[in-house]
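Input: a single structure, listed below in structure tokens.
FYI, side chains are in, hydrogens and waters are out, and symmetry mates aren't considered; it's all heavy atoms of this structure.
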There are 2 protein chains.
Amino acid sequence: MATTEETYHHGDLRPALIDAVLEIARDGGVEHLSLRAVTRLVGVAPNAAYRHFDDFRALTVAAALVAQDRLAAAMREQTSALLAQVDSAQPAADAAIARLRGVGLGYIHFAIAEPGWFALALLTFDPNSSGEPSVTVDAQVPPPFQLLLDALDGMVEAGALSPTEREHAEWPCWSAVHGFADIATRGPLQRQPAEVLSALGAHVVDRIIAGLHQHQHR
Amino acid sequence: MATTEETYHHGDLRPALIDAVLEIARDGGVEHLSLRAVTRLVGVAPNAAYRHFDDFRALTVAAALVAQDRLAAAMREQTSALLAQVDSAQPAADAAIARLRGVGLGYIHFAIAEPGWFALALLTFDPNSSGEPSVTVDAQVPPPFQLLLDALDGMVEAGALSPTEREHAEWPCWSAVHGFADIATRGPLQRQPAEVLSALGAHVVDRIIAGLHQHQHR
DNA sequence: GGTCCGATGTGGACACTGTGAACATAGTAC
DNA sequence: GTACTATGTTCACAGTGTCCACATCGGACC
């Protein structure tokens with residue numbers, strides 16, 4: 001990995017620090033993160049980080065954005081895999097539903113497979129000091145959330161969801177999927193084997209998708 | 001409040017420490033919790049806590065259990081309030097549904113109204129050192145979760161849910177409600193006004209309840 | 001009634017943490 | 001070759017949880 005020889009000046013410290021955060025978060029969990037552990041891993045003095053980040057928090061957020069991108073990538077992969085199983089002869093609504101399932105299952109499977117990165121990805125929000133209310137984070141929609149919005153809009157286009165049902169539909173979906181990921185990761189299900197979590201996660205996704213339609217109670 | 005005069009021995013330190021944790025968590029948030037802050041508030045040396053708790057973590061968990069009880073109490077109140085609106089002439093299924101809604105709305109409203117206590121209540125789980133898998137925590141079901149299980153069983157008894165639909169139904173419900181509380185508390189909705197959160201929360205609860213029935217997609 | 005003893009709280013110390021200020025070095029531009 | 005700027009280092013400080021030795025109280029025992 002060290003293509004550049006060891007010098008007094010590291011030369012590529014900023015990305016190296018972010019990588020170190022990702023590595024520590026991956027196999028130690030977010031709670032083992034510390035400025036000193038990160039710089040120690042890179043082989044540099046703790047304060048060197050302050051040339052590239054205002055704060056330890058800022059470093060953490062920069063790495064969290066990377067983790068968020070990986071989460072989004074996993075969701076896209078899962079979506080593609082499910083869409084590939086849909087026969088092109090089937091109605092468009094089926095494909096739209098498969099896409100929405102992929103978004104949810106991708107989120108959940110990433111959380112199960114990479115709990116450290118998943119926890120890291122959540123550190124974007126938090127006590128952002130100043131804060132006038134904003135519907136999303138910093139007027140910029142995080143990529144994973146954008147995937148959900150697009151999938152829901154696709155449902156409407158495909159006729160799988162009425163415009164009325166579409167309203168605010170992102171919140172039930174996001175709540176259920178994120179909530180399950182949290183329960184499976186930090187909550188009462190945290191020690192369950194991956195197969196169990198995967199099966200329960202699929203059940204959660206199917207139930208919330210079913211609930212998007214506003215039918216009468218029987 | 002000091003019925004016992006100030007002595008060298010505090011005399012009632014254990015509950016006092018737990019109260020202090022609750023107070024700090026309530027208006028400072030869980031991230032401001034520290035052994036030293038807690039003992040400082042009580043007016044005692046940091047090490048005094050070690051006569052009553054193995055660990056700072058143990059103190060924290062003890063307070064978390066109290067917070068969990070208060071959460072459960074809020075859920076029971078909300079459930080009673082909703083049940084009171086149901087006419088006794090209405091079918092039993094309506095009452096069962098109202099009860100389930102109360103469980104979910106109670107959870108969400110508590111999280112919105114007391115975010116510090118809510119975050120504290122979640123600290124029960126976590127890296128419990130050793131850990132063979134257990135479906136619930138320490139072979140003991142937390143009171144808030146038990147309320148959900150009872151409400152779902154009540155749905156079956158009232159005929160509002162088939163036994164097949166009842167299977168694993170606790171996870172979609174818990175995921176959606178807990179997930180929304182997390183989003184509203186620590187996530188992208190954290191700065192929204194309480195009315196907005198309350199309305200969205202109600203929407204989430206209604207959607208997940210609708211999804212419990214396994215009808216066909218239209 | 002005096003004496004011991006266990007329960008409870010204190011003080012000091014240690015290894016950590018994030019962060020600020022002052023200093024040192026390397027590479028670049030003139 | 002000499003300045004300058006970017007980038008790391010070193011030292012220092014306040015804060016954290018936790019361990020160890022000590023102080024002090026209340027109650028039990030003879």
When the distance from NE2 of His32(B) to P of dT16(D) is rounded to whole Å, what number comes out?
11 Å
Output the rounded distance in Å from CG (Asp12(A)) to P (dA6(D)).
18 Å
In whole Å, I'd like the distance from the CG atom of Leu13(A) to the C1' atom of dT9(D).
13 Å
Do Arg36(B) and dG15(D) have a side chain to base donor-acceptor pair shorter than 3.5 Å?
no
Would you say the side-chain atoms of Thr185(A) and Gln190(A) include a donor-acceptor pair closer than 3.5 Å?
no
In whole angstroms, how far is the P atom of dG18(C) from the CD atom of Glu31(B)?
17 Å
Please determine, for the side chain of Ala48(A), which listed nucleotide (dT10(C), dT9(D), dT19(C)) has the closest atom?
dT9(D)
Counting side-chain heavy atoms from CB outward, which of dT8(C), dT19(C), dG17(D) is closest to His52(B)?
dT8(C)
Check this for me: does the side-chain of Asn47(B) come within 3.5 Å of the base of dG12(C) through a donor and an acceptor?
yes
Just the rounded figure in Å: distance from C1' of dT18(D) to CG of Leu35(B).
8 Å
Taking Val141(A)'s backbone N and O only, do any of them form a donor-acceptor pair with Gln146(A)'s side chain (distance below 3.5 Å, no angle check)?
no
Would you indicate, yes or no, if dC16(C) has its OP1 or OP2 atom less than 4.0 angstrom from a side-chain nitrogen or oxygen of Arg40(A)?
no
Rounded to whole angstroms, how far apart are CG on Leu59(B) and P on dT16(D)?
15 Å
Take the protein atom CZ of Arg51(B) and the nucleotide atom C1' of dG11(C), then report the distance between them rounded to whole Å.
12 Å
Specify the residue among Val44(B) and Ser34(A) whose closest nucleotide of DNA chain C lies further upstream toward the 5′ end.
Val44(B)
Taking atom P of dT19(C) as reference, at what distance in whole Å does atom CZ of Phe56(A) sit?
8 Å
Using atom types as modelled and distance alone, determine if a side-chain donor or acceptor of Arg207(B) lies under 3.5 Å from a backbone N or O of Pro172(A).
no
When the ring planes of His203(A) and His168(B) are compared, do they come out parallel, tilted or perpendicular, using 30° and 60° as the limits?
perpendicular
Passes ring pair (Phe, Tyr, Trp, His ring centres under 6.0 Å), Tyr107(A) versus Phe180(A)? Steps please.
CA-CA 10 Å; Tyr107(A) 190 94; Phe180(A) 183 80; over 10 Å; no
